[in-house]
Amino acid sequence: MSSVLVLIDTTPEGDVAPAAASLLGAAARLGSPVAVVVSDRDAAAFGATLGALGAETVAVVTPSDAAVLAGPAVEALVAAAADHSPMAILLTNSVAGREIAGRLAVRLGGGVAVDAVDVTAGPDGVVVTHSVFGGTYSVTSGVVGGPAIITVREGAIDARAEARTATVTSASVAVDAARHGAIEAVHAAAATSDRPDLRTASRVVSGGRGLGSKDKFELVGRLADTLGAAVGASRAAVDAGYIEQTAQVGQTGTTVAPELYVALGISGAIQHRAGMQTAKTIVAINTDADAPIFEIADFGIVGDVFTVVPQLIDAIEAKRA
Ligand code: FAD
């Protein structure tokens with residue numbers, strides 16, 4: 001069976017990031033998953049973690065210089081591609097993932113397919129599904145010649161691979177700072193929220209202009225905390241100063257694909273839908289029965305968020321008790 005390389009993202013602490021499970025699940029559908037980790041930590045520990053997520057082989061690659069932008073990951077994947085001749089290479093659809101994918105395609109002579117929401121094995125290679133024009137259409141693409149280098153939208157693919165005992169290899173690669181661009185300074189930004197990360201959360205509660213003010217936007221956080229969800233927002237809510245820009249969901253914000261997306265006081269403009277339409281279940285609360293968000297909602301409540309949401313919170317808490 002052909003190999004499929006998966007670039008494993010790591011957390012700032014150096015552990016395996018949550019996206020690995022979905023990427024390895026997707027890779028197992030296509031061929032034999034080979035997890036590639038760029039790290040100077042003990043290779044055996046990665047073997048156990050990634051084997052449990054379905055990796056057949058775990059290649060831990062230590063770069064000669066880690067203080068380089070996309071370079072270490074590109075060099076690690078180029079080396080792994082030489083060893084495994086993969087049919088496809090999967091990465092997360094993050095800013096870094098897309099940059100690595102582009103550089104890799106040049107080096108390997110492959111083709112890039114970005115922001116995949118599904119991947120399947122077709123008769124002529126990997127068939128990649130994309131959700132485009134704000135989720136209005138689903139289109140498929142494939143790569144002819146060279147490996148298919150695919151960035152996958154986080155949360156979009158539910159597939160999980162069976163656990164196995166992985167073969168672990170370790171290697172080092174030379175990274176040329178002049179070729180890739182060196183990092184001259186790093187300023188750590190402290191995270192101030194205990195809530196889940198918006199990009200990877202399985203539940204997201206978002207608020208829009210309908211919340212009316214920064215103080216009233218606090219209601220979005222209350223429902224999010226009741227559900228253990230991340231907080232998102234429409235651009236209108238961000239522009240009005242109700243919440244910081246990092247919470248913006250949509251075409252010019254973050255793309256999310258959670259199990260549950262709750263839209264409070266959001267009209268459902270196409271630019272907002274572009275960032276959340278692939279959520280598995282969408283719940284909308286809006287006073288306007290004609291708001292476009294109801295066209296894509298699985299459950300819709302026509303009502304005032306300040307009346308409905310407190311009742312919803314009480315009902316969830318009562319059910320838990
Ligand atoms: P509105 O459209 O004003 O809707 C507010 C809604 O709240 C209304 O439907 C109203 O009925 C409802 N409401 C009011 N009061 C209540 C209440 N008490 N209870 C319940 N409901 C109530 N937008 C994004 O979100 N993300 C993006 O990434 C993004 N990128 C963009 C990029 C470009 C190039 C452009 C041109 C626009 C972009 N936009 C984006 C903006 C987008 O077009 C909309 O303007 C925006 O999404 C509207 O936000 P909203 O739904 O919160 O506000």
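As the structure lists them, so they are numbered: ligands from 1, and atoms in each ligand from 1. Throughout, numbering of the chain's residues begins at 1 and tracks the sequence.
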Full working for side-chain contact (heavy atoms from CB on, under 4.5 Å) between Arg41 and Thr10: CA-CA 11 Å; Arg41 286 172 54 172; Thr10 51; over 6 Å; no

Atom 30 (N) of ligand 1 protein-contacted, heavy-atom criterion under 4.0 angstrom: yes

Top protein contact for atom 36 (C) of ligand 1, by heavy-atom distance: Gln271 NE2, 3.9 Å

Worked verdict on Thr278 versus Arg153 for side chain to side chain donor-acceptor pair (under 3.5 Å): CA-CA 10 Å; Thr278 50; Arg153 185 180 293 188; 2.9 Å; yes

Contacting atoms of ligand 1, where contact means under 4.0 angstrom from a heavy atom of Gly253: 28 (O)

Among Thr254, Asn286, Ile270, closest by any non-hydrogen atom to atom 9 (O) of ligand 1: Asn286

Candidate with minimal heavy-atom separation from atom 27 (C) of ligand 1, of Lys216, Gln245, His272, Gln248: Gln248

Derivation and outcome, side-chain contact (heavy atoms from CB on, under 4.5 Å), residues Thr252 and Gln271: CA-CA 8 Å; Thr252 44; Gln271 295 90 353; over 6 Å; no

Quick one: side chains of residues 308-321, donor-acceptor pairs under 3.5 Å with protein atoms, not counting sequence neighbours, listed by atom name and distance.
| residue | atom | partner | partner atom | Å |
| --- | --- | --- | --- | --- |
| Gln311 | NE2 | Thr307 | O | 3.2 |
| Arg320 | NH1 | Thr226 | O | 2.8 |
| Arg320 | NH2 | Thr226 | O | 2.8 |

Atoms of ligand 1, numbered as shown, that sit under 4.0 Å from any heavy atom of Gly208: 52 (O)

Shortest protein heavy-atom distance from atom 22 (C) of ligand 1, along with the residue and atom involved: Thr287 OG1, 3.3 Å

Side-chain donor or acceptor of Thr57 paired with backbone N/O of Val34 under 3.5 Å: no

Atom pair CG/CD1 of Asp115 and Ile150 - distance to nearest 0.5 Å: 12.5 Å

Best match, Ser267, Ala237, Gly303: closest heavy atom to atom 4 (O) of ligand 1: Ser267

Heavy atom of the protein closest to atom 41 (C) of ligand 1 (residue, atom name, distance): Arg235 CB, 4.2 Å

Polar atom proximity, Gly265 to ligand 1 (N or O, under 3.5 Å): yes

Per atom 52 (O) of ligand 1, closest listed option by heavy atom (Gly250, Ser234, Ala289): Ser234

Heavy-atom closest pair, residues Pro86 and Pro147: O-CB, 3.7 Å

Sub-4.0 Å atoms of ligand 1 with respect to non-hydrogen atoms of Asp288: 11 (O)

Reported CZ-to-CG distance for the pair Phe294 and Asn286, which is rounded to 0.5 angstrom: 5.0 Å

Within-4.5 Å side-chain heavy-atom neighbours: Tyr261 and Val249: yes

Minimum non-hydrogen distance to atom 26 (N) of ligand 1, winning option of Thr252, Val249, Val305: Val249

Proximity of Ala269 to ligand 1 by residue part, where a heavy atom lies under 4.0 Å: side chain

Protein contact to atom 18 (N) of ligand 1 [nearest heavy atom, distance to 0.1 Å]: Asp304 OD1, 3.1 Å

Protein heavy atom at shortest distance from atom 14 (C) of ligand 1: Gly210 CA, 3.4 Å

Partners meeting side chain to side chain donor-acceptor pair (under 3.5 Å) with Arg199 (sequence neighbours left out): Glu154

Nearest non-hydrogen protein atom, atom 48 (C) of ligand 1: Ala236 CB, 3.8 Å

Nearest non-hydrogen protein atom, atom 34 (C) of ligand 1: Gln251 NE2, 4.2 Å

Short side-chain to backbone donor-acceptor contact, Arg98 and Val114, under 3.5 Å: no

Inter-residue atom distance Arg235.CZ - His272.NE2, 0.5 Å rounding: 13.0 Å

Residue and atom name of the nearest protein heavy atom (relative to atom 53 (O) of ligand 1), distance in Å to one decimal: Arg209 CB, 3.5 Å

